[in-house]
Amino acid sequence: MSAEPTAPELEGFEQTLAHDQRIEPRDWMPDGYRRTLVRQIAQHAHSEIIGMQPEGTWLTTAPSLRRKAILMAKVQDEAGHGIYLYSAAETLGVDRSDLTEQLITLRQKYSSIFNYPTLSYADVGTIGWLVDGAAICNQVPLCRSSYGPYARAMIRICKEESFHQRQGFELLMTMMNGTDEQRAMVQESVDRWWWPSLMMFGPPDDASPNSARSMAWRIKRHTNDELRQRFVDMTVPQAEALGVTLPDPDLRWNAERGGYDFGEPDWDELDRVIRGEGPCNEERVTRRADAHREGGWVRAAAAAYAGKQATSA
Ligand code: FAQ
């Protein structure tokens, strides 16, 4: 773990990357690589946990038992994703409780997307379709990330996210086949979530300070703009199948480059949301901090039980 590598250590690290093999927790790694991974994995874990809140709002008012059970399962899956990711981060020598402390004291970030409100039940479908859809686009390449525990966590997460995306699409399709009022709810919801979904991929490449280093280390496999383009290309035909319009007058097929041209997201808005000035930032972090405090007795009881087991073994 030394910051000053010996020549064979550095050579070993670089060879592993060059052969597209995985770096494992026991392997030597540069401090910068470790720090970048902790930053990204912690942010990702926090996003999964905070990401339970927007949809969680609809658990008590889902329109049927079936919809409620589906939503409950999805929200629980997000908790599981957070836990796999905190475990992956812990293999890098950090502690989950410290990471949580950094989140609730605003020293670590989480995805901008979860700072928008869920105003109608259609938002549950739109989050599944667009937000989980964007998450899949971003995360499938992370299954080949150079750090073993992160890449392995992503495999299971992606399988579940892909199921989430389908349930969102199915929910929206059901509503689109319903009444005029339901169709209007879906369209209104898609209009609100489209641009924030594009912002999930991060700032444009020329304003992304971490991308080049993370790509060289093979933590990230594609740039923010490449993944955003992939998402748009994947989503436009799905929007057509649903019968909704995407709120972008500049969206059109570009036959020459075999992809859709699209308008520029409002990058000032992304900056504001990341700075903590989005519509729900305060509410989300306060709720997370309250839940952490109120759950203190559960952690204490679990630790006492584990201690008892260890002494009686
Ligand atoms: N929101 O230099 P870059 C999900 C920050 S999980 C907030 O481009 P990087 C599942 C960035 O951290 C969604 N902050 O950074 C689900 C950096 O700040 P720092 C989460 C953002 O790391 C679905 C600064 O801006 N997914 O949705 C955002 O190379 C439904 C400069 O940016 C992941 O975390 C943003 N959108 O690329 C759950 C995937 N974008 O740290 C519930 C893994 C950028 O230097 C319901 N993460 N920033 O202070 C990644 O792929 C990358 O970290 C990026 C950003 C692409 C997010």
Side-chain angles (χ1 to χ4, degrees), residues 32 35-58 71 74-82 84-85 88-89 102-103 106-116 118 123-143 145 147 150-151 153-154 157-158 160-165 167-168 193 195-217 219-228 230-231 265 267 269-278 281 284:
R35 271 198 310 276
T36 297
L37 278 167
V38 169
R39 177 183 67 77
Q40 178 165 326
I41 300 174
Q43 229 166 261
H44 195 163
H46 299 328
S47 304
E48 301 281 357
I49 298 295
I50 296 259
M52 295 163 74
Q53 293 185 35
E55 289 165 285
T57 310
W58 287 92
L71 185 55
K74 179 184 191 290
V75 171
Q76 281 179 350
D77 282 352
E78 309 300 359
H81 298 174
Y84 311 150
L85 287 163
Q102 293 195 54
L103 167 69
L106 307 177
R107 283 172 294 147
Q108 276 180 350
K109 299 185 168 81
Y110 60 92
S111 181
S112 50
I113 192 73
F114 302 118
N115 292 306
Y116 292 86
T118 38
D123 289 356
V124 169
T126 309
I127 290 178
W129 176 43
L130 293 181
V131 176
D132 285 277
I136 294 166
C137 262
N138 170 272
Q139 291 171 18
V140 165
L142 293 175
C143 298
S145 182
Y147 187 56
Y150 189 32
M154 291 319 304
I157 291 176
C158 284
E160 292 179 355
E161 299 291 26
S162 137
F163 180 68
H164 295 169
Q165 199 258 1
Q167 70 78 36
W193 289 93
W195 292 107
S197 299
L198 292 190
M199 293 176 199
M200 284 176 73
F201 295 92
D205 290 351
D206 56 12
S208 163
N210 300 300
S211 277
R213 196 60 265 178
S214 289
M215 302 254 306
W217 276 328
I219 295 172
K220 280 169 82 163
R221 310 296 300 225
H222 302 280
T223 71
N224 300 354
D225 286 336
E226 282 166 5
L227 293 172
R228 196 169 2 254
R230 194 178 279 192
F231 173 68
W267 299 121
E269 176 178 323
L270 176 64
D271 285 347
R272 280 196 304 279
V273 177
I274 294 179
R275 273 203 313 271
E277 295 164 21
N281 293 61
R284 300 289 185 239

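Atoms within a ligand are numbered from 1 in the order they appear, just like the ligands themselves.
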Item checked: Identity of the nearest option to atom 36 (N) of ligand 1, non-hydrogen atoms only, from S112, A79, G51, A207 -> S112
Please examine the side chains of [Y] and [X], heavy atoms only from C-beta on, and report whether any two atoms are closer than 4.5 Å.
X: Y110; Y: R284; answer: yes
X: V140; Y: R230; answer: no
X: N138; Y: F231; answer: no
X: V131; Y: F114; answer: yes
X: F163; Y: D132; answer: no
X: Q43; Y: Q40; answer: no
X: P54; Y: D123; answer: no

Are the side chain of [X] and the backbone of [Y] linked by a donor-acceptor contact shorter than 3.5 Å?
X: Q167; Y: H164; value: yes
X: E78; Y: M52; value: no
X: N281; Y: V273; value: yes
X: N224; Y: P203; value: yes
X: W217; Y: T36; value: no

Can you pull out the closest protein heavy atom to [atom]? Residue, atom name and distance to 0.1 Å, please.
atom: atom 42 (C) of ligand 1; value: E78 CD, 3.4 Å
atom: atom 21 (C) of ligand 1; value: I274 CD1, 3.4 Å
atom: atom 31 (C) of ligand 1; value: P209 CD, 3.7 Å
atom: atom 49 (O) of ligand 1; value: K109 NZ, 2.3 Å
atom: atom 55 (C) of ligand 1; value: K220 NZ, 4.3 Å
atom: atom 15 (O) of ligand 1; value: N210 ND2, 3.3 Å
atom: atom 3 (P) of ligand 1; value: S208 OG, 3.4 Å
atom: atom 57 (C) of ligand 1; value: M200 O, 4.1 Å

Strictly under 4.0 Å, does any heavy atom of [X] approach an atom of ligand 1?
X: K74; value: yes
X: S214; value: no
X: M52; value: no
X: Q139; value: yes
X: H164; value: no

Next item on the list: Could you tell me whether some N/O pair between Q43 and ligand 1 is separated by less than 3.5 angstrom?
Entry: yes
Atoms in ligand 1 with a heavy atom of [X] nearer than 4.0 Å:
X: M199; answer: 36 (N)
X: P203; answer: 8 (O), 32 (O), 40 (N), 44 (C)
X: E55; answer: 46 (C)
X: D132; answer: 23 (C), 30 (C)
X: S47; answer: 13 (C), 20 (C)
X: Y110; answer: 1 (N), 7 (C)
X: F201; answer: 56 (C)
X: G202; answer: 40 (N), 44 (C)

Notebook entry, point to check: Between Y150 and H44, what is the ring plane arrangement, given parallel below 30°, perpendicular above 60°, and tilted in between?
Noted result: perpendicular
Notebook entry, point to check: Applying a 4.0 Å heavy-atom criterion (strictly less than), which segment of H44 is in contact with ligand 1: side chain, backbone, both, or neither?
Noted result: both
Notebook entry, point to check: Does the distance from a Lys or Arg side-chain N to an Asp or Glu carboxylate O, for D225 and R228, drop under 4.0 Å?
Noted result: yes
Next item on the list: Please check if a non-hydrogen protein atom sits closer than 4.0 Å to atom 44 (C) of ligand 1.
Entry: yes
Notebook entry, point to check: How long is the gap from CD1 on I113 to CD1 on I50, to the nearest 0.5 Å?
Noted result: 14.0 Å
